[in-house]
Structures are given as structure tokens and as C-alpha cells.
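To start, the structure itself, in C-alpha cells.
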Number of protein chains: 4
Amino acid sequence: MRVRVGCEFHYDVPAPTPTVWQVRPRAEPAQQLVSESWETKPALARSSYHDSYGNICDRLTLPAGQTVVRYDAEVEVPGVYDDADITAPQIAVESLPDDTMVYLLPSRFCPSDMMRDHAWQLFGTTEPGWARVVAVCDWVHENVQFQIGSSNPLTSSLDVWDSRMGVCRDFSHLGLTLCRALNIPARYAFGYLPDIGVPPPYAAMDFCAWFEAYLGGRWWTFDPRNNVPRMGRVVIGRGRDALDVAMVTSYGAPILQSMHVWADEVRDPES
Amino acid sequence: MRVRVGCEFHYDVPAPTPTVWQVRPRAEPAQQLVSESWETKPALARSSYHDSYGNICDRLTLPAGQTVVRYDAEVEVPGVYDDADITAPQIAVESLPDDTMVYLLPSRFCPSDMMRDHAWQLFGTTEPGWARVVAVCDWVHENVQFQIGSSNPLTSSLDVWDSRMGVCRDFSHLGLTLCRALNIPARYAFGYLPDIGVPPPYAAMDFCAWFEAYLGGRWWTFDPRNNVPRMGRVVIGRGRDALDVAMVTSYGAPILQSMHVWADEVRDPES
Amino acid sequence: MRVRVGCEFHYDVPAPTPTVWQVRPRAEPAQQLVSESWETKPALARSSYHDSYGNICDRLTLPAGQTVVRYDAEVEVPGVYDDADITAPQIAVESLPDDTMVYLLPSRFCPSDMMRDHAWQLFGTTEPGWARVVAVCDWVHENVQFQIGSSNPLTSSLDVWDSRMGVCRDFSHLGLTLCRALNIPARYAFGYLPDIGVPPPYAAMDFCAWFEAYLGGRWWTFDPRNNVPRMGRVVIGRGRDALDVAMVTSYGAPILQSMHVWADEVRDPES
Amino acid sequence: MRVRVGCEFHYDVPAPTPTVWQVRPRAEPAQQLVSESWETKPALARSSYHDSYGNICDRLTLPAGQTVVRYDAEVEVPGVYDDADITAPQIAVESLPDDTMVYLLPSRFCPSDMMRDHAWQLFGTTEPGWARVVAVCDWVHENVQFQIGSSNPLTSSLDVWDSRMGVCRDFSHLGLTLCRALNIPARYAFGYLPDIGVPPPYAAMDFCAWFEAYLGGRWWTFDPRNNVPRMGRVVIGRGRDALDVAMVTSYGAPILQSMHVWADEVRDPES
């Protein structure tokens with residue numbers, strides 16, 4: 001399945017402002033680039049690096065004045081719904097692979113160390129493994145109200161627990177925090193999500209956050225915001241929480257004048 | 001300079017308990033192992049890995065009942081005080097090496113995103129670079145009271161800001177949080193610290209936390225708890241904050257019956 | 001199964017000689033350390049690092065005169081024969097995981113680029129996958145004569161192809177070179193191998209080299225020297241060929257006076 | 001300084017052919033991308049990864065028939081000649097950083113283990129450090145004749161030693177082999193090289209291989225083919241030798257019909 005993804009940001013900055021961008025699809029076999037373009041006005045040099053999670057980061061310094069940054073790509077992804085296996089068992093902590101251990105720890109926005117009691121009270125009697133993560137997602141989906149503007153860049157999952165409101169970032173944070181508190185490795189994921197094969201109420205999101213849980217020997221996608229299987233996700237980044245995967249991190253006070261993001265199926269790819 | 005370091009933990013656990021240990025010196029040229037022993041009673045198999053910061057982690061599962069874990073090593077370290085260079089300049093964000101960028105971000109115990117105003121109000125008029133970090137350390141040293149028991153495993157630097165009390169972990173957290181808020185990369189460091197060449201009031205610490213700040217092209221040791229140059233540090237780990245460098249992380253409810261840590265100069269090493 | 005492994009080297013060197021050691025078991029879940037000791041006479045400081053393959057390397061400088069280096073460990077490994085799955089299919093090159101690609105390339109001792117014709121002539125009609133690798137191992141086992149002293153540190157698999165003689169290192173090199181020439185990722189492995197459950201002719205090896213081939217989604221052990229399933233392997237290192245996994249690499253002209261290696265089952269481990 | 005670099009390959013293949021490409025500039029601060037485009041006809045999906053040296057590798061499968069692959073980029077690089085410091089000392093093996101050690105080992109095309117005697121005879125009396133590497137480069141430049149077609153993809157530096165003929169790849173291989181034999185870490189480098197500020201005889205190269213030697217705490221560029229300081233290098237990759245940095249590695253028998261490479265200064269960049 002071919003998906004066209006991208007974004008365009010218009011900035012006005014009073015002084016030169018260093019920025020780090022995470023808008024490019026992660027390099028992985030399941031999402032192959034067909035074309036890609038990166039454009040800035042004025043033309044700006046950028047340097048790239050991979051962070052410790054393997055996410056692609058682009059650094060560029062916005063000059064004083066107006067800047068447009070535009071990224072556009074066509075990506076080939078499997079034309080199937082999110083994988084699922086209701087028999088996937090929970091792995092005992094002592095048997096978890098070494099590189100999943102970090103995803104049991106609390107993090108800035110996911111203080112699982114402060115939510116153990118909540119988690120065990122709500123989900124301690126559910127069946128460990130797949131069913132338990134589904135129970136977490138269902139609970140978050142039903143108990144948190146989606147509302148633009150209800151959270152801010154400092155909102156943690158504990159705040160969401162209290163307010164019961166948030167956006168997709170917050171749904172993910174709360175879901176993954178509860179999983180960690182239940183000793184299930186869980187990590188934040190972020191990317192483009194076209195609205196393919198879903199009824200209107202769920203549609204019209206282009207950037208989206210979800211989370212991944214480690215069960216039965218691999219990572220699985222869980223999306224408590226939508227809570228229905230989706231197709232066409234293009235992963236930009238993964239990390240402990242939203243801090244590790246910010247579209248733009250800026251050091252200064254840039255004024256974002258407008259921002260547009262797209263993620264659409266390409267129906268008849270020439271190839 | 002030869003230092004003998006180690007620790008001994010006595011546990012009693014009701015059920016098999018997975019644990020992760022960080023007690024071994026990091027593998028780096030400045031601290032060379034002369035001898036090393038790791039002993040458990042009963043004899044337990046352990047597997048090792050390096051986390052994403054390069055710290056050595058040992059995994060072992062405590063069986064039900066009593067367990068003793070003992071680590072002991074002799075390490076050769078430079079016989080000099082902590083490096084210092086009062087001319088080390090602050091590096092502009094756009095010129096920082098890629099791998100330092102993560103240490104500008106907030107973390108679980110160091111919410112620098114919530115302390116920007118405090119940081120700039122207190123230190124915004126100090127000279128950027130070495131002097132600014134020293135100002136941070138002096139302020140923390142003078143304004144936070146060292147008091148065993150004043151903090152717990154959930155205490156963040158914001159809590160310390162409010163309470164003005166803590167242990168070396170908290171001094172470090174607050175110092176590095178303020179640095180990050182001032183756009184100076186700063187990371188948590190943890191290890192053994194013998195009391196060599198210091199007057200009594202500062203002595204008698206064996207495990208210790210400090211922090212490192214990136215100035216003038218390298219990382220430097222800053223220790224707001226002691227706030228005097230020290231000798232003989234043996235680094236166990238580095239990370240975003242104390243979460244990444246816990247002596248023991250356990251999954252269950254082990255009862256720690258006793259714990260003993262040592263760090264002493266070896267006066268006449270046979271060699 | 002508990003295995004005791006280790007080695008002792010006696011050196012006499014005319015001048016200080018830098019050395020790099022690979023004698024410690026790789027840190028991986030399937031081989032867990034129960035105890036470990038490292039001793040030198042005189043006592044020497046050593047620093048450690050992980051090479052790009054994840055092997056543990058220890059650096060130490062032998063002083064002028066006599067030095068003894070001794071490593072000893074008890075390791076818990078699964079008490080089963082080498083895994084096998086005769087249905088494991090060959091993976092098409094375009095579907096191989098990224099991190100296996102390097103093991104399709106030639107290397108210093110395994111010039112697969114010079115042996116394509118040989119490989120395809122001999123094995124081009126065998127069934128791809130498990131059967132093809134077995135055919136390679138059988139052929140190497142039957143056509144190369146094991147003879148101590150028949151090869152030296154410069155011997156490549158092409159030399160072995162010509163001479164039809166070698167030691168376990170050479171058997172492995174030839175086997176893995178043929179696999180690479182057949183587009184099957186193959187890497188060199190090296191470690192301790194006790195003689196458990198094998199009849200006398202195969203016994204009495206303590207250090208041993210074998211190779212691993214990538215089939216059906218994972219790496220499998222193949223050992224053309226022994227060519228029978230074995231038990232109790234303790235992997236020290238893996239790499240492109242023997243260059244990446246040398247017990248000792250020295251920079252100078254040390255005289256090795258004696259060397260002793262052990263790998264034995266521990267029948268009644270106290271624990 | 002702005003440089004425009006890129007390449008265009010025309011292939012005709014009888015059957016689908018997996019390929020790995022290394023044509024994109026390495027992600028590093030000294031070479032910043034201003035724009036970049038990657039185009040294939042027909043449009044082909046590609047996946048990317050970083051190899052263990054940090055080089056960018058793009059995988060794509062050429063379909064049966066004709067394919068055009070075109071890469072084009074504008075890159076900002078420092079407008080200065082290759083760095084040099086004639087006082088840079090040789091670092092004793094025991095003091096070399098861990099990650100340089102692999103570049104002392106022989107490799108497929110650089111069998112330094114077979115050239116120790118040659119190296120020490122020729123250069124053993126030169127002054128260690130910068131002067132010794134310059135002596136190596138001068139010797140290679142003067143004693144090897146540049147001749148297109150004199151070597152092939154299997155040619156090692158030992159072959160070049162014998163034939164005294166080669167292309168830039170071979171000059172680099174021989175130079176770096178001699179350095180390794182002299183205990184100086186040396187690695188292969190490959191990239192785009194515009195002919196800026198050089199007299200005609202040296203001009204008109206667009207892809208070029210050189211090598212880097214580790215002296216006085218950092219890596220330095222040495223180019224025994226040109227043997228004069230150059231400007232505007234855009235590094236694609238680094239590795240042990242040319243094997244690790246091949247523009248195209250293909251698994252099958254593709255017919256390359258034409259190939260064009262460019263590397264030119266952009267005189268008046270709009271920005």
C-alpha cells in the first residue's frame with residue numbers, strides 16, 4: 001500500500017533558533033521509501049543523526065525572520081490492519097530480552113512508579129498477556145475524553161489520570177504507564193496515520209501517537225485513542241515517551257504561524 | 001592510585017524476585033580493573049548486558065529465602081583531583097555534538113521544562129560557561145540541606161526545589177536540572193567515592209551521586225553535594241537521572257536486611 | 001548445565017607489550033555466569049570494551065619479564081544439543097535483516113568473492129536452506145584433514161581449499177566462506193567446548209571454532225570440524241572471521257611459554 | 001562552501017536483483033545537506049539502514065528490465081583544505097582509544113599481517129607520527145602508477161605492492177595497509193571529490209577513495225593518489241577497506257550500461 005505523508009511548518013523567529021526535527025519515517029523494512037523531498041525557504045543546511053532509539057533527527061537553525069519547512073514522501077507499507085494475536089502471553093520479567101528492560105522504567109511523562117496501586121487495582125484480576133493490555137486500552141478509551149486543548153507539553157499521564165481528558169499523546173501515555181506498572185514493557189510510538197477503512201468519527205487525523213507493548217516475544221501496536229485496528233501507519237519514532245519523539249524541539253521562542261500535516265493513501269501509484 | 005570498592009547486600013525475599021544490578025565500574029580507560037569478584041550465596045547464575053548509555057547491568061533472580069550478593073574490586077584510577085578549567089566556554093546549542101542533545105531534555109526526576117523560569121531568574125546574569133555551572137553548584141550546595149531520609153525514590157528535583165532538603169542524589173538532580181534549563185547538557189553520574197584528602201565533615205561516603213556538564217568540548221565532573229574537588233571517583237554509571245543508574249532495580253517486594261558499601265584507597269598495592 | 005571454563009597463559013616478554021584478550025564468555029541470556037575470576041601475576045590493571053560485534057575485549061600491557069594470565073569461570077548453559085531444524089528455509093537476499101548483510105561479504109580469511117565458482121559447482125544443485133548448509137559441512141568434514149600445525153595465523157579458506165588440511169579454525173573458515181558464496185549469511189564463532197556426550201575420537205578439545213549460518217529467521221550453529229551435535233558450548237566471540245575473535249592479539253613479540261585451556265562439566269554444582 | 005554531488009546509473013537486469021547502495025553523504029556535522037533527491041525509473045521502494053560504521057545503506061531490488069537510479073544533493077562543507085598538523089604524534093598502542101583498535105587489524109583487501117616486513121624496512125627509520133604517514137603517502141604516490149583498468153574488484157594491497165599499478169582505491173589500500181603494519185590505525189574513506197583549486201592534471205575525478213590515519217587524538221585525511229591538499233570532500237562512507245564502502249553491491253548479474261557521477265562547486269547558492 002502506498003501512502004503519501006508529510007508536513008509543512010511556517011515559522012517566524014526573532015533570532016536564530018536551533019531546532020531538531022523528527023518528521024522522517026524510521027528506516028525499517030516494513031516501511032520503504034519510494035520518494036522523499038525536504039525543502040526549506042530559505043534554503044537551509046541541515047545535519048542528521050540517529051538518536052539512541054534509532055529515530056532520525058534533523059538539526060537546522062532557523063534564521064531570524066520567516067522560514068518554511070516542508071517534508072514530503074511516498075512510502076510503501078503493508079496493506080493490512082495492525083497485527084494482533086490474542087494468545088500472545090505476558091513474558092515474566094526474568095525472561096524479557098535485555099533491550100526491553102528500559103521500557104519497564106518510569107519516564108518524564110509516564111511515572112509508572114506512582115501508578116502501581118491504580119494499575120493493580122484496576123487490572124490485577126484480568127488475565128495476564130494480551131487480554132490485560134486490551135483491558136488497559138479499553139479502559140483508557142472509555143474513561144478519557146478526547147479534547148483538543150485539554151493538555152499541554154508538560155502534561156504527564158498522572159495528570160491525565162486526574163483530569164480524564166487529553167489528546168492522542170495523552171491516551172498513549174496513560175496506556176503505556178499502566179502497562180509498565182503491570183510489568184509489561186511499553187513504549188511510545190509516533191507517526192503518520194491515514195484514515196483508511198475507518199468510519200468518519202475516527203477519521204481526519206494525520207499525525208498520531210500510539211504505544212507498543214511487548215508480549216509473546218515481539219512488540220505489538222496498541223492505540224487506545226482509536227481503539228480499532230488501523231491500516232497505513234508510518235512510524236516516525238519510538239521512545240520512552242513523547243519527549244523522545246517530538247516533531248520539533250526548539251531552543252528559543254519561535255512563533256509557529258501555521259502547520260499542516262498530511263497522510264493519504266496513493267490510490268494508483270505509477271510504478 | 002589503587003582503590004578498593006564493593007558492596008554487600010543481604011536480602012530476604014518471599015518469592016523469586018528478578019533484579020537488575022549496577023554495581024560494577026563502567027569499562028573505561030581511566031578506571032582499570034586490577035581484580036574483581038562477584039559472589040552470591042547461594043550461587044546464582046547471572047546474565048549481563050550494556051544499557052544504551054554503556055553502563056554494565058547484571059540480571060539475576062533472587063530465590064525465595066535469604067540471599068547475599070557481594071561485589072568486590074580493585075581499580076586503578078588517576079591519583080588527581082577532579083579536572084577543572086574555569087575557561088571552559090558554554091557551547092551554543094547549534095554547535096553541540098549530536099550525542100549530547102539528549103542531555104538537554106527533561107527526564108523523570110529532572111523536569112527542566114518546569115524549572116526554566118527559576119533557572120533563568122537565579123543564573124541568567126551569571127557568565128555563561130564554567131562560571132554558570134559553578135554558580136549553580138554553589139547555590140545548590142548552600143540552599144539545600146543534606147539530610148538522610150528527607151527524600152524517597154520518587155523525589156524529583158522539583159520536590160527538592162520546594163523542600164530544600166535531600167541526599168547526594170537530590171543535590172545532583174537539582175544541579176543538573178538547572179543546567180539543562182540553562183541549555184547546558186548535563187547528566188547524572190553515580191559511583192564509588194573514597195574519602196581521600198578531604199577533611200572529616202565531608203568524609204564517610206562510599207556510594208555517591210554527582211553530575212557532569214558539557215562545556216568547551218568535553219564532560220566535566222560537578223558535585224554540588226560535596227562542592228570541593230575530590231579524588232578517586234570510580235564511575236558505575238551515567239544516565240539522564242537516577243532512574244538509569246539504580247544500584248538495584250527489583251521486580252517484587254524483596255526485603256533488604258542490610259547493605260554495606262566500601263571505597264578505600266589501597267595504600268601499598270602489591271604488584 | 002554447569003560448565004567450568006578458563007585458560008592460563010604464561011608469557012615472557014622482552015619489553016612492555018600491549019595485548020587485547022578475548023577469553024570471557026559473551027554476555028547473553030543463554031550463558032549465565034555463576035562465578036568468574038581473572039588473575040594476573042604480577043597484578044596488572046586492565047580496561048575492557050565491547051567491540052562492534054558485542055564481544056568482550058580486555059586490554060592489558062604485559063610488563064617486561066614473566067607474566068601469568070589466568071581466567072576461570074563457571075557458566076550455566078542449556079543442557080541440550082545444538083539446535084537444529086531441517087526445515088529451516090534459505091532467506092532470499094532481499095528479505096534478509098539488515099544486520100545480517102555484512103555476513104554475506106568476503107573478509108580477510110574468507111574470500112568468498114574468489115570461491116563463487118567452486119561453491120556453485122559443488123552445491124548449486126543441493127536443496128537451498130538447511131540441506132545446503134549441511135551439504136557444505138559434510139563436504140568440508142570429509143574433504144579436509146584435521147592436522148595440528150598444518151595452518152598458521154595467515155591461512156585463509158582459499159589456502160585450505162588448496163591444501164585440504166587444517167584445524168577447527170580452518171574448517172570453520174572454509175565452511176562459512178562457501179555459505180557466503182552461496183548467498184547464505186555466515187559468521188565465525190569461537191568459544192569453549194567441553195567433550196560431553198561424545199565418543200572419544202571427538203573429545204579433548206577445549207577451545208573450538210565453529211560457524212553460524214542464518215536460515216529461516218535465526219542463526220544456527222554448524223561445526224564442520226566435529227560435524228555431530230554437541231552440548232555445552234560457551235561462546236566467547238563472533239565475527240566475520242578469526243581476525244575478529246582472537247584469544248590474544250599482541251603488539252610486539254611476546255614469547256608464549258605455555259598455555260592451558262579447560263572446559264569441563266561441573267557434575268554437582270553446589271547451589 | 002556548497003557542493004553539488006550525485007550519480008546516475010543505468011542498469012539492465014535479466015531477473016530481479018537485490019542491491020545495496022552507498023551513495024548518500026554520511027550524516028555528520030561537517031557536511032550538511034541543503035537538498036537531496038533520490039529517483040528511480042520505474043519508481044522503486046527502498047529501505048535504509050546504517051551499517052556498523054555508521055554509513056548509510058539503501059536497499060532496493062532492481063526489477064527485470066531497465067532501471068535508472070539517480071541521486072542528487074547539495075551539501076554544505078567547510079571551504080578549507082584538508083586539515084593537517086605536522087606535529088601530530090603517533091599514539092602508543094596501549095593508549096589508543098578502544099574504537100580505533102579494529103583499524104589496526106588486517107582486512108580482506110589490506111592484509112597488513114603479510115606486509116609487516118615491507119613496511120618496517122621502508123619506513124622503520126622515519127620519524128613516528130605525522131612524518132611517517134607522509135612518508136608512506138609519498139612512497140605510494142611515487143611508486144604506484146595510476147592506470148584505469150589495472151586492477152579489479154578482487155585486487156588487494158598486496159597485489160598492488162607486486163604490480164605497482166592501480167586506481168585511487170588501490171592507492172588508498174596500499175597506504176593504509178602500510179600504516180596498519182606500522183601500528184598506526186588507518187581506515188578507508190570514500191566519497192565525492194570536486195576538483196576545486198587544483199591544477200588540471202589532478203582534476204576531473206568525482207568519486208574518490210582516500211584513507212584516514214589516527215594521530216595525536218583524531219583522524220586525519222591522507223590521499224596518496226592525489227597527494228596534495230584538497231577541498232570539498234563529501235564523505236559517503238568509511239570502513240576497514242573498499243568492501244565496507246561499495247557504491248553498489250548487487251546479488252545477481254546486473255548489466256551496468258552507464259554510470260555518471262558529479263561533484264561540483266555551486267558558485268552562487270541561492271539562500
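Residue numbering restarts at 1 for every chain, and letters A, B, ... go by the order of the sequence lines.
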>> Give the interface residues of residues 16-26 of chain D toward chain C, defined by a heavy-atom separation under 4.5 Å.
In response: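 If one takes a 4.5 Å heavy-atom cut-off, the residues of residues 16-26 of chain D near chain C are D/Pro18, D/Val20.
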> Just checking heavy atoms, which of residues 116-128 of chain D are less than 4.5 Å from chain C?
Replying inline: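 Checking residues 116-128 of chain D against chain C gives no residue, so none.
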> Is there a donor-acceptor contact under 3.5 Å linking the side chains of C/Glu94 and D/Tyr251?
Replying inline: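 No, D/Tyr251 and C/Glu94 have no side-chain donor paired with an acceptor closer than 3.5 Å.
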> Is D/Arg132 close enough and on-axis enough to D/Trp130, meaning under 6.0 Å and within 45°, for cation-pi?
Replying inline: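 Pair D/Arg132/D/Trp130 does not count as cation-pi.
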>> Ring of D/Trp38, cation from D/Arg70 - is the NZ or CZ under 6.0 Å from the centre and inside 45° of the axis?
In response: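 No - D/Arg70 does not lie over the ring of D/Trp38 by the 6.0 Å and 45° rule.
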>> Looking at D/Glu8 and D/Lys41, is there a salt bridge between them, counting it only when a charged N and a carboxylate O are closer than 4.0 Å?
In response: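 No salt bridge links D/Lys41 with D/Glu8.
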> Which atoms of C/Ser95 come close to chain D, meaning under 4.5 Å heavy atom to heavy atom: side chain ones, backbone ones, both, or neither?
Replying inline: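 Only the backbone of C/Ser95 comes within 4.5 Å of chain D.
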> What part of D/Ser112 is in contact with chain C, defined as an atom under 4.5 angstrom from a non-hydrogen atom: side chain, backbone, both or neither?
Replying inline: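 No part of it gets close to chain C.
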Looking at [options], which has the largest count of heavy-atom pairs under 4.5 Å with chain D?
options                                : value
C/Asn183, C/Leu96, C/Leu105, C/Asp51   : C/Leu96
C/Pro111, C/Cys110, C/Ala246, C/Ser156 : C/Pro111
C/Asp241, C/Thr61, C/Thr249, C/Asp244  : C/Asp244

>> Tell me if the aromatic rings of D/Phe207 and D/Phe190 count as close, with their centers under 6.0 Å from one another.
In response: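 That pair passes the under 6.0 Å test.
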>> For D/Trp219 and D/Phe211, I'd like to know if the aromatic rings sit close, meaning centre-to-centre distance below 6.0 Å.
In response: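 No.
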